[in-house]
Each structure stands twice: as structure tokens, then as C-alpha cells.
Amino acid sequence: MSSPSRGDPAVVLLSGGLDSATTLAVARRDGFSTHALTFRYGQRHAREVEAAARLAAELGAAEHRVVDVDLRAIGGSALTADIPVPKDRGDLAAGVPVTYVPARNTIFLSFALAWAEVLGASDIYLGVNAIDFSGYPDCRPEYIAAFERLATLATRAGVEKRLGFRVRVPLIRLTKGEIVRLGASLGVPFALTTSCYDPAADGAACGHCDACVLRLRGFAEAGIPDPISYVSVPPSHRPTVPLVP
């Protein structure tokens with residue numbers, strides 16, 4: 001992919017989690033003027049919207065917008081319906097878990113594409129990962145390639161060849177530990193991020209859902225203390241570096 005001119009606009013999908021925060025920092029490192037896009041979609045872990053706002057400010061986003069799309073009207077996921085969040089799953093790659101939100105990345109990327117076309121931005125950044133992830137089908141490289149083709153066919157700017165849209169996924173081939181190390185090297189304020197699918201009322205991470213397990217694994221692999229607080233951490237997931245109590 002070609003390098004941007006300094007200050008070219010890019011849309012960055014920002015959830016408030018570890019991966020999207022690191023992706024925002026990568027886009028800034030790459031020289032883009034970052035336009036962060038967050039969704040309030042009826043998710044049970046809605047604290048991530050507040051986290052995204054803090055991260056956008058801390059990481060120098062040129063603009064941050066929050067869009068309301070209530071996916072509770074559709075349901076079908078433990079994140080948007082009254083379905084228990086799975087805890088302490090043994091094999092995180094075994095099938096598509098109930099925390100999968102139907103077509104979520106397609107919905108989010110469609111909004112990002114619309115905003116990119118308005119901004120005259122060719123580049124959309126998305127923090128998906130296909131190494132340490134929960135088996136979601138919309139995190140795979142073939143899905144990203146397919147959406148790029150769709151973007152060209154579905155937009156006026158693409159049909160008129162004014163923009164060639166790229167979905168940049170800088171984390172897709174990294175382990176969680178590598179993502180943590182990359183974020184640390186770029187100054188990501190990890191204490192502002194939130195990853196848990198089922199946090200406590202005070203915001204503490206549960207320590208047992210897929211997102212917590214992957215996060216704990218990443219910080220342990222990186223040898224970096226995780227600065228967020230957890231309700232509890234099972235011994236099998238307990239890192240060798242300190243956690244905030």
C-alpha cells in the first residue's frame with residue numbers, strides 16, 4: 001500500500017479496547033489525520049464508549065464521532081441480548097461463540113466507508129486480529145479483502161475512480177503479546193482501555209470472559225503489567241507480572 005501524505009484523513013474504528021486503541025496509534029504513526037468512529041450499539045459493555053472518547057483525545061484524533069445503532073433490536077448475541085456471556089472457555093478458537101454480534105463489522109465498516117467518502121479518505125483502519133481472537137468470521141483476511149472490493153463497487157467515489165478504498169488491518173497477523181508491545185512502543189495509555197465483555201458495576205473487568213482471557217494472555221506474553229483492575233483472575237490465566245488489585 002502506498003504511504004499517505006502527511007495529514008491525509010483516515011477513518012479509524014475505535015471501540016475503546018486494547019486493539020482499536022493500538023490501531024489508532026498506528027494510524028497516527030503512519031502520518032494520517034485520524035477521524036475516530038465509535039458505536040453505541042446497545043452493547044452491555046457500554047463503558048467502552050466513554051473509554052473511546054478518552055483515548056481519542058489522548059491519542060490526538062482530529063475528530064471523534066459516536067454513532068447510535070441499536071443492535072438490540074436484532075439481538076442474537078450475548079453482547080446485545082439477555083444471553084449469558086461465556087466464561088472460562090477452554091479453546092477460544094472452537095467455533096463461533098455467542099459473543100459474536102451478527103454482521104457487526106460489516107455494519108461498522110459501512111458507516112466508516114460512508115464517512116471516508118465524505119472526508120475524501122481512501123483509508124479505513126480496523127483493529128481486527130486473526131491470530132489471538134475468539135473465532136469471529138468478520139476478523140479474517142478474506143473478509144477484509146472482500147469488503148475492500150465491495151467498497152469500490154458500492155460508492156460514487158469508487159465507481160468514478162476518485163478514491164481507491166483500503167481497509168488497513170495492522171494487527172491482523174500479530175499475537176496479543178505483540179499487540180501489547182506495539183501499543184507500548186507507541187505510547188498507548190493502556191489504563192484508559194477496556195476490553196471486558198461483562199464488567200462489574202464499577203468497571204472492573206471480570207477476568208473470565210474471552211476478551212479478558214486474551215488480554216491477560218497478551219500482557220503476560222509481553223511481560224508488561226496490565227494497569228486495569230479485575231474482579232478476579234483464574235490461576236490458569238494469572239500472569240507473572242503484577243495486576244492492579
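Small disclaimer: the values here were computed from a predicted structure and weren't measured.
In terms of heavy-atom proximity, Gly76 sits nearest to Ile83 at C-CD1, 4.4 Å. Nearest heavy atoms, Ala222 versus Arg181: CA-NH1, 3.3 Å. Taking both residues in full, the closest heavy atoms of Pro102 and Ser77 are given as CD-CB, 4.1 Å, listed atom of the first, atom of the second, then distance. Taking each heavy atom of Leu14 and Ser20 in turn, the nearest pair found is CD1-OG, 3.6 Å. Nearest heavy atom pair, residue Leu59 against residue Val188, reads CD2-CA, 4.4 Å. In terms of heavy-atom proximity, Pro170 sits nearest to Leu126 at CD-O, 4.1 Å.
No donor-acceptor contact under 3.5 angstrom links the side chains of Tyr197 and Arg44, judged on distance only. If you check the side chains of Thr194 and His45, you find no donor sitting under 3.5 Å from an acceptor. There is a side-chain donor-acceptor pair under 3.5 Å between Thr175 and Glu221. A side-chain donor from one of Thr193 and Arg215 sits under 3.5 Å from a side-chain acceptor of the other. In this model, a donor atom of one side chain and an acceptor atom of the other lie less than 3.5 Å apart for Tyr143 and Thr106. Counted by atom type alone, Asp30 and Tyr125 present one or more donor-acceptor pairs between their side chains at under 3.5 Å.
Between the CG atom of Leu24 and the CZ atom of Arg29 there is a distance of 12.0 Å, given to the nearest 0.5 Å. Here the CG-CD1 distance, from Leu113 to Ile124, works out to 5.0 Å after rounding to the nearest 0.5 Å. Distance OG1/Thr23 to CG/Leu171: 3.5 Å, rounded to 0.5 Å. Remark: Asp202 CG to Ser229 OG distance equals 6.0 Å, nearest 0.5 Å. Taken to the nearest 0.5 Å, the CZ atom of Arg156 stands 15.0 Å off from the NZ atom of Lys161. With rounding to the nearest 0.5 angstrom, the CG atom of Asp123 is 4.0 Å from the CZ atom of Arg166.
With a 4.5 Å cut-off on side-chain heavy atoms, Cys209 and Cys196 count as touching. Here the side chains of Phe108 and Ser15 are not in contact, with every heavy-atom distance at 4.5 Å or above. Side-chain contact between Val128 and Ile144: present, with at least one pair of heavy atoms (C-beta onward) separated by less than 4.5 Å. A 4.5 Å side-chain heavy-atom check between Val167 and Phe165 finds every atom pair outside the cut-off. Inter-residue side-chain proximity for Arg28 and Ser33 is flagged as unmet; no heavy-atom pair is nearer than 4.5 Å. A 4.5 Å side-chain heavy-atom check between Glu50 and Arg54 finds at least one atom pair inside the cut-off. Residues Leu174 and Leu182 are in side-chain contact: their nearest non-hydrogen atoms beyond the backbone lie under 4.5 Å apart.
Linking ILVMFWY residues whenever their side-chain heavy atoms come closer than 4.5 Å, directly or via other members, places Ile172 and Val96 in the same cluster. The hydrophobic cluster containing Leu79 also contains Val67, counting ILVMFWY residues as joined when their side-chain heavy atoms lie under 4.5 angstrom apart, directly or transitively. Linking Ile, Leu, Val, Met, Phe, Trp and Tyr whenever their side-chain heavy atoms come within less than 4.5 Å leaves Val213 and Val98 in two separate clusters. When the side chains of ILVMFWY residues are joined at heavy-atom separations under 4.5 Å, either directly or via intervening members, Phe39 and Ile74 end up in a single hydrophobic cluster. Hydrophobic clustering (ILVMFWY, side-chain heavy atoms < 4.5 Å, transitive): Leu109 and Val66 are in distinct clusters.
Between the side chain of Ser195 and the main chain of Gly17, no donor-acceptor pair closer than 3.5 Å is present. Side-chain atoms of Asp138 come within 3.5 Å of backbone N or O of Asn105 as a donor-acceptor pair. Within the 3.5 Å criterion, the main-chain N or O of Val101 finds no donor-acceptor partner in the side chain of Arg104. Between the side chain of Gln43 and the backbone N or O of Tyr41 there is at least one donor-acceptor pair closer than 3.5 Å. Side-chain N or O atoms of Glu63 include none that pairs as donor or acceptor with a backbone N or O of His35 at under 3.5 Å.
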Inset, instruction - Please lay out, stage by stage, how Arg65 and Thr38 fare under the test side-chain contact (heavy atoms from CB on, under 4.5 Å). - result: CA-CA 6 Å; Arg65 294 191 182 185; Thr38 299; over 6 Å; no
Inset, instruction - Would you sort out whether Arg40 and Asp70 count as a salt bridge (charged side-chain N to carboxylate O under 4.0 Å, His left out), showing the intermediate values? - result: CA-CA 7 Å; Arg40 187 183 293 108; Asp70 193 351; over 6 Å; no
Inset, instruction - Report the C-alpha distance between Asn129 and Leu214 in whole Å, list the side-chain angles of each, state the deciding distance to 0.1 Å, and finish with yes or no for side-chain contact (heavy atoms from CB on, under 4.5 Å). - result: CA-CA 11 Å; Asn129 177 265; Leu214 288 168; over 6 Å; no
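Between Glu178 and Lys176, no side-chain nitrogen of the basic residue sits less than 4.0 Å from a carboxylate oxygen of the acidic one, so the salt-bridge criterion is not met. Ion pairing between a basic and an acidic side chain is recognised when a charged N comes within 4.0 Å of a carboxylate O; Arg89 and Asp210 show such pairing.
Two rings, from Phe190 and Phe219, have their centers less than 6.0 Å apart.
No more than 12 heavy-atom neighbours from other residues, nucleotides or ligands sit within 6.0 angstrom of CG on Asp82. No more than 12 heavy atoms of other residues, nucleotides or ligands shown are found within 6.0 angstrom of CZ on Arg72.
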